[in-house]
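Taking it in order: structure first as structure tokens, then the write-up.
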Amino acid sequence: MTAYHTISVRAIRIAAILLSATLAGCADRAAGEYPDTPYGSVSIAYLKTLARSASTVIADDIAIAGYVAVNDLYGEYSATIVLCDESGGIEIAVDSRTTATLFPVSARVTVHCSSLALGNYGGRIILGARPTGSYTVDRIAASDFGRYFLIDKSRPAAVEPVRILIEELSPESIGRLVELRDVTFADQAGLAWCDTDPETGEYITTSRVAYDRSGLSVAVRTIADCAYRAEAVPQGYGTLRAIVEYFNGEYSLRIANHGIDFGE
């Protein structure tokens with residue numbers, strides 16, 4: 001490690017402490033209250049407003065901080081974490097298959113965003129590295145984690161889900177950890193969360209549909225790597241805790257931390 005690199009990392013960590021001290025005051029500010037060229041700590045909601053094209057490289061010297069809501073502990077997200085603050089949540093693409101260890105749920109993470117990129121994937125904003133190919137963002141390389149992340153595991157705080165109804169899903173919900181109560185999977189109950197490919201027998205990413213009492217519905221997407229992909233979708237009515245996703249006009253949910261609570 002060169003002397004320059006050592007000084008840079010130390011400077012970044014000192015800056016993280018100073019930036020995090022101002023986070024509480026910034027988290028609830030409306031986007032319009034920030035200058036055109038922001039500096040310092042900003043809310044996740046504000047950061048997402050900077051995504052003004054399919055891929056936007058962040059030139060401003062800004063940082064976000066929040067708590068990890070979900071990682072790959074149950075395989076629900078692969079090489080991705082979801083970070084939340086009081087203003088919202090955002091997916092962060094990272095080049096790691098052990099995010100449950102590196103970014104444990106409830107850990108406080110400060111992200112230095114300068115030179116990272118925001119990708120707009122069908123209306124869902126993802127934070128990652130500057131793209132080098134056809135994707136809107138690349139995954140942040142593991143060798144760069146020390147440059148961009150300050151991970152504090154010493155003062156964990158669980159992200160509390162926002163209780164919401166299906167009819168209340170909105171752009172502000174995207175990326176948030178939410179809780180939907182009194183929903184059912186109707187005739188899809190009893191099926192596995194993921195179907196299998198009839199030719200290979202391998203699990204494939206699958207959407208099931210949850211309904212509320214009024215008949216409104218939302219898709220619940222489970223990726224093929226999910227640890228409970230073979231479990232049966234529950235019967236009756238119950239509660240889901242999930243991250244809100246969005247693609248080209250359609251909201252969907254991805255269950256977080258096996259957050260399925262259905263009574264017998």
Side-chain angles (χ1 to χ4, degrees), residues 12-13 15-35 38-51 56 58 60-71 73 76-77 80-94 99-100 102-114 116-121 123-128 137 140 145 148-164 168-179 241-246 251 253-254 256-257 259:
I12 286 172
R13 290 177 176 170
I17 295 171
L18 295 174
L19 289 171
S20 63
T22 63
L23 178 68
C26 294
D28 59 353
R29 291 172 63 182
E33 296 179 19
Y34 288 93
Y39 176 84
S41 188
V42 301
S43 69
I44 288 174
Y46 177 72
L47 178 72
K48 291 162 78 171
T49 69
L50 301 179
T56 304
I58 302 168
D60 301 307
D61 188 7
I62 57 178
I64 58 172
Y67 293 88
V68 178
V70 65
N71 50 31
L73 180 62
E76 295 152 337
Y77 280 84
T80 303
I81 64 170
V82 177
L83 194 70
C84 293
D85 67 9
E86 292 180 358
S87 74
I90 191 168
E91 293 178 41
I92 304 176
V94 293
T99 60
L102 295 173
F103 301 91
V105 169
S106 300
R108 190 174 193 274
V109 178
T110 301
V111 187
H112 297 273
C113 301
S114 180
L116 293 178
L118 292 164
N120 187 329
Y121 181 67
R124 189 167 101 236
I125 308 303
I126 301 171
L127 181 63
V137 295
I140 300 170
F145 286 178
Y148 292 113
F149 298 117
L150 181 66
I151 306 168
D152 184 356
K153 305 177 185 179
S154 67
R155 42 177 176 162
V159 176
E160 292 297 326
V162 176
R163 194 180 301 177
I164 198 170
E168 295 172 333
L169 292 171
S170 68
E172 291 73 25
S173 307
I174 302 168
R176 278 189 182 276
L177 178 65
V178 300
E179 181 177 274
R241 287 173 292 279
I243 301 296
V244 178
E245 299 189 328
Y246 182 89
Y251 292 99
L253 302 177
R254 198 182 315 189
N257 306 314

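Residues Lys153 and Pro104 have side chains in contact (heavy-atom distance under 4.5 Å, counting atoms from C-beta outward). Two residues are said to be in side-chain contact when any heavy atoms from C-beta on lie closer than 4.5 Å; Ile243 and Tyr77 meet this criterion. Contact check for Ile125 versus Ile90: side-chain heavy atoms found under the 4.5 Å cut-off. Between Val82 and Leu177 there is no side-chain heavy-atom pair separated by less than 4.5 Å. A 4.5 Å side-chain heavy-atom check between Ile81 and Leu102 finds every atom pair outside the cut-off. Side-chain contact between Val109 and Val68: present, with at least one pair of heavy atoms (C-beta onward) separated by less than 4.5 Å. Put simply, the side chain of Ile58 reaches to within 4.5 Å of the side chain of Leu47, judged on heavy atoms. Residues Leu118 and Val137 have side chains not in contact (no heavy-atom distance under 4.5 Å, counting atoms from C-beta outward).
Among residues two or more places apart in sequence or in another chain, the side chain to side chain donor-acceptor pair (under 3.5 Å) test is passed with Glu172 by Ser170. Shown here are the ring-ring contact (aromatic ring centres under 6.0 Å, His included) partners of Phe103, two or more places apart in sequence or in another chain: Phe145, Phe149. Taking the side chain to side chain donor-acceptor pair (under 3.5 Å) definition, one finds that Glu179 meets it with Arg181, sequence neighbours left out. Checked against side chain to side chain donor-acceptor pair (under 3.5 Å), Arg241 has no partners two or more places apart in sequence or in another chain. Every ring-ring contact (aromatic ring centres under 6.0 Å, His included) that Tyr121 has, sequence neighbours left out, goes to Phe247. With sequence neighbours excluded, no residue forms a side chain to side chain donor-acceptor pair (under 3.5 Å) with Ser114.
A donor-acceptor pair under 3.5 Å links the side-chain atoms of Lys48 to the main chain of Gly89, judged by distance alone. At distances below 3.5 Å, not a single donor-acceptor pair connects side-chain atoms of Asp85 with backbone N or O atoms of Ala45. Asp152 places a side-chain N or O within donor-acceptor distance of the main-chain N or O of Ser154, the cut-off being under 3.5 Å.
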